[in-house]
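Reading through the structure tokens given below for one structure.
Note that the coordinates shown come from a computational prediction; the quantities given were computed from them, not determined experimentally.
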Amino acid sequence: MAEVLKKEMIHVYDRFEQETEEQILNGSLKAGDCIISENEAAERYKISRRSARTAIEHLIAKGLLVRHPGKGTFVSLLVSGSGCPARYSITVILPDLSDVFLLTVCEGIQEAAAVCSCELVFKTSHGDVERENQNIRHCLQNKDAGVIIFPNYGRGNLESLLKLKEAGIPFVLIDRKFYDVETNYVGVDNTAGGYMACEYLIKTGCRHIAHLYGTNGSANNERLDGYRRALSDYGIPGSEKLIRRFSDLQLSFNSRSSRFEPDMEGGYENMKFLLSQKQLPDGVFAGNDYQALGAIRAIREAGLRIPEDISVVGFDELRFNRYLEHPLTTIRQPQQELGKQALEILVKQLQNKLRPPEPVSVILPVELVVGETTGKVSDQN
């Protein structure tokens with residue numbers, strides 16, 4: 001008799017576990033749904049609370065359920081729409097994949113994704129804001145778990161980002177942010193970097209320092225601010241004539257519908273303009289390494305020497321810098337760390353989806369890397 005009762009208890013116990021698992025696998029219970037409590041399970045299936053707890057623990061071990069103390073037990077967010085256990089599916093939206101800087105950021109995202117068990121989908125906009133918005137809209141339609149966005153410059157995707165917020169889809173911006181909209185953001189201390197670059201040029205004896213500014217956006221604005229602060233702190237008069245912007249140029253778009261970031265051609269053309277002026281700069285702070293390389297070409301074509309006649313400092317420290325014939329003096333960004341931090345922020349917020357998190361902002365430090373494109377620091381400075 002005791003043996004028969006034992007078998008019946010096991011049968012009833014199995015039924016609770018099996019039915020719950022079946023409901024998850026056929027989609028009746030979806031990711032994030034709360035299942036019945038141990039008390040409710042015990043009453044419905046005529047089993048003890050201990051048996052109900054054991055069944056739930058088995059489903060947790062299978063990755064189908066997750067327990068949130070004080071709130072209840074929920075279908076795991078790692079369960080896909082089909083009900084099968086799956087990884088977080090995260091879309092990464094980029095302006096371009098031909099850019100060495102962006103590729104290095106992606107390496108950081110991929111490294112963190114491997115640890116956090118995430119599946120990544122990469123989408124590019126080729127520098128086109130409308131295509132970027134299309135990619136964001138696709139994430140909305142697809143109800144992606146989360147999104148990482150390296151935006152094009154400007155505010156052309158602001159409306160799409162607000163729709164992501166309204167839909168409750170967590171996302172992280174890398175490098176470029178909106179000062180008036182709270183979002184998750186990972187970037188570097190661009191103001192400090194601009195200050196370091198200009199200050200180093202000053203310490204090497206430069207007094208007529210130009211700046212090659214990129215496209216309007218938070219990162220370039222902050223680098224410009226750092227440049228201006230350094231000039232002010234060292235009592236060196238600044239001049240708007242020494243600031244050349246990408247918008248000052250009329251360049252062809254080649255195969256792309258727009259340019260999302262100044263490249264070597266932009267740096268080259270803007271440097272040629274500065275060299276056509278009556279008073280030449282003796283130092284140049286370029287907003288990125290690509291512009292710095294373009295500027296160097298223009299300087300050398302003009303028959304001038306680097307750094308004897310004009311010193312050049314870039315920003316980024318792209319991975320090929322050390323292999324250049326004359327490595328750039330530049331500001332190093334922790335490029336892989338940018339991607340890694342973005343992915344980790346997103347995963348933490350997905351894991352705590354029941355409690356809407358406050359936006360997270362991470363600012364990583366930068367450092368000066370001294371190469372061969374600047375003179376030696378003068379003891380008199």
Side-chain angles (χ1 to χ4, degrees), residues 153 190-217 219-251 259 261-317 321 326-331 366 368-378 381:
Y153 276 116
N190 289 293
T191 303
Y195 192 99
M196 287 180 195
C198 188
E199 180 182 50
Y200 191 77
L201 287 167
I202 293 169
K203 288 184 175 181
T204 62
C206 298
R207 291 297 179 270
H208 200 61
I209 302 170
H211 176 49
L212 302 183
Y213 176 93
T215 314
N216 289 332
N220 286 332
N221 287 342
E222 290 165 3
R223 293 171 196 180
L224 174 60
D225 184 49
Y227 158 84
R228 285 174 167 158
R229 288 188 191 184
L231 291 177
S232 176
D233 286 353
Y234 281 86
I236 297 174
S239 171
E240 288 299 310
K241 293 180 180 179
L242 286 170
I243 300 172
R244 288 293 294 174
R245 301 171 185 270
F246 188 56
S247 57
D248 294 332
L249 299 171
Q250 296 294 325
L251 299 177
R259 287 168 177 257
E261 178 66 276
D263 49 20
M264 283 184 270
E265 185 181 1
Y268 174 77
E269 294 295 338
N270 268 327
M271 193 68 227
K272 281 176 64 177
F273 177 87
L274 290 169
L275 293 173
S276 70
Q277 303 305 297
K278 185 175 181 180
Q279 184 175 10
L280 301 183
D282 54 9
V284 176
F285 164 43
N288 62 36
D289 285 352
Y290 290 114
Q291 290 188 89
L293 292 173
I296 287 172
R297 177 187 168 191
I299 292 168
R300 287 177 173 158
E301 283 184 359
L304 299 169
R305 300 167 300 165
I306 300 170
E308 291 83 359
D309 298 315
I310 302 178
S311 290
V312 178
V313 177
F315 202 109
D316 288 337
E317 206 216 10
N321 186 47
H326 301 287
L328 284 168
T329 294
T330 186
I331 302 298
V366 295
L368 176 73
V369 176
V370 179
E372 298 178 15
T373 57
T374 49
K376 295 181 180 180
V377 173
S378 171
N381 293 289

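Residues Ala197 and Val313 share a closest heavy-atom pair of CB-CG1, 3.7 Å. The two residues Ala302 and Leu275 have their closest heavy-atom pair at CB-CD1, 3.9 Å. The shortest heavy-atom contact between Met271 and Ala295 is CG-O, 3.5 Å.
A distance-only check finds no donor-acceptor pair linking the side chain of Ser311 to the backbone of Gly283 [under 3.5 Å]. A donor-acceptor pair under 3.5 Å is absent between the side-chain atoms of Asp289 and the main chain of Ala292, judged by distance alone. For the pair Asp282 (side chain) and His208 (backbone), a donor-acceptor distance under 3.5 Å is present.
Note that CG of Asp263 and CD of Glu269 are 10.5 Å apart. Values are rounded to the nearest 0.5 Å. Distance CG/Asn221 to CG/Asn216: 6.5 Å, rounded to 0.5 Å. Separation of atoms CG (Leu201) and CE (Met196) is listed at 13.5 Å; rounding is to 0.5 Å. In this structure, CG on Leu249 lies 4.0 Å from CG on Asn270, to the nearest 0.5 angstrom. Note that CD of Glu199 and OG1 of Thr204 are 11.0 Å apart. Values are rounded to the nearest 0.5 Å. Atom-to-atom distance recorded for Leu231:CG and Arg207:CZ is 10.0 Å, nearest 0.5 angstrom.
Within the 4.5 Å cutoff, the side chain of Leu328 has heavy atoms near those of the Ile296 side chain. Side-chain contact between His326 and Ile306 is absent, with no heavy-atom pair separated by less than 4.5 Å. Side chains of Leu242 and Ile209 form no contact here, defined as non-hydrogen atoms less than 4.5 Å apart. Residues Val284 and Arg244 are not in side-chain contact: their nearest non-hydrogen atoms beyond the backbone lie 4.5 Å or more apart. Under the 4.5 Å side-chain criterion, counting only non-hydrogen atoms from C-beta, Asn220 is not in contact with Phe246. Side-chain contact between Asp316 and Asn321 is absent, with no heavy-atom pair separated by less than 4.5 Å.
Ser247 pairs by the side chain to side chain contact (heavy atoms under 4.5 Å, CB included) definition with Arg245, not counting sequence neighbours. By the salt bridge (charged side-chain N to carboxylate O under 4.0 Å, His left out) test, Asp233 pairs with no residue at all, sequence neighbours left out. Every residue two or more places apart in sequence or in another chain was checked for a ring-ring contact (aromatic ring centres under 6.0 Å, His included) with Tyr200, and none qualifies. In this view, Gln277 and Phe273 satisfy the side chain to side chain contact (heavy atoms under 4.5 Å, CB included) rule, not counting sequence neighbours. Under the side chain to side chain contact (heavy atoms under 4.5 Å, CB included) criterion, Ala219 pairs with Tyr153, Asp175, Asn190, Arg223, not counting sequence neighbours.
Electrostatic pairing of Glu222 and Arg229 does not count as a salt bridge here, judged by no charged N lying under 4.0 Å from a carboxylate O.
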So Ile331 and Leu368, side-chain contact (heavy atoms from CB on, under 4.5 Å) or not? Walk me through it. CA-CA 5 Å; Ile331 302 298; Leu368 176 73; 3.8 Å; yes

In sequence, state the C-alpha distance, the side-chain angles, and the governing distance for Val370 and Val377, and then conclude on side-chain contact (heavy atoms from CB on, under 4.5 Å). CA-CA 11 Å; Val370 179; Val377 173; over 6 Å; no

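Aromatic ring pairs are classed by plane angle as parallel below 30°, tilted from 30° to 60° and perpendicular above 60°; the pair His211 and Phe285 is parallel.
For residues 291-305, every residue pair satisfying the salt bridge (charged side-chain N to carboxylate O under 4.0 Å, His left out) rule, not counting sequence neighbours, is listed here: Arg297-Glu301, Arg305-Asp309.
With no hydrogens or angles considered, no side-chain donor-acceptor pair links Tyr195 and Asp225 at under 3.5 Å.
Shown are Thr374, Ile299, Thr329, Thr330; of these, the side-chain contact (heavy atoms from CB on, under 4.5 Å) with Val312 is made only by Ile299.
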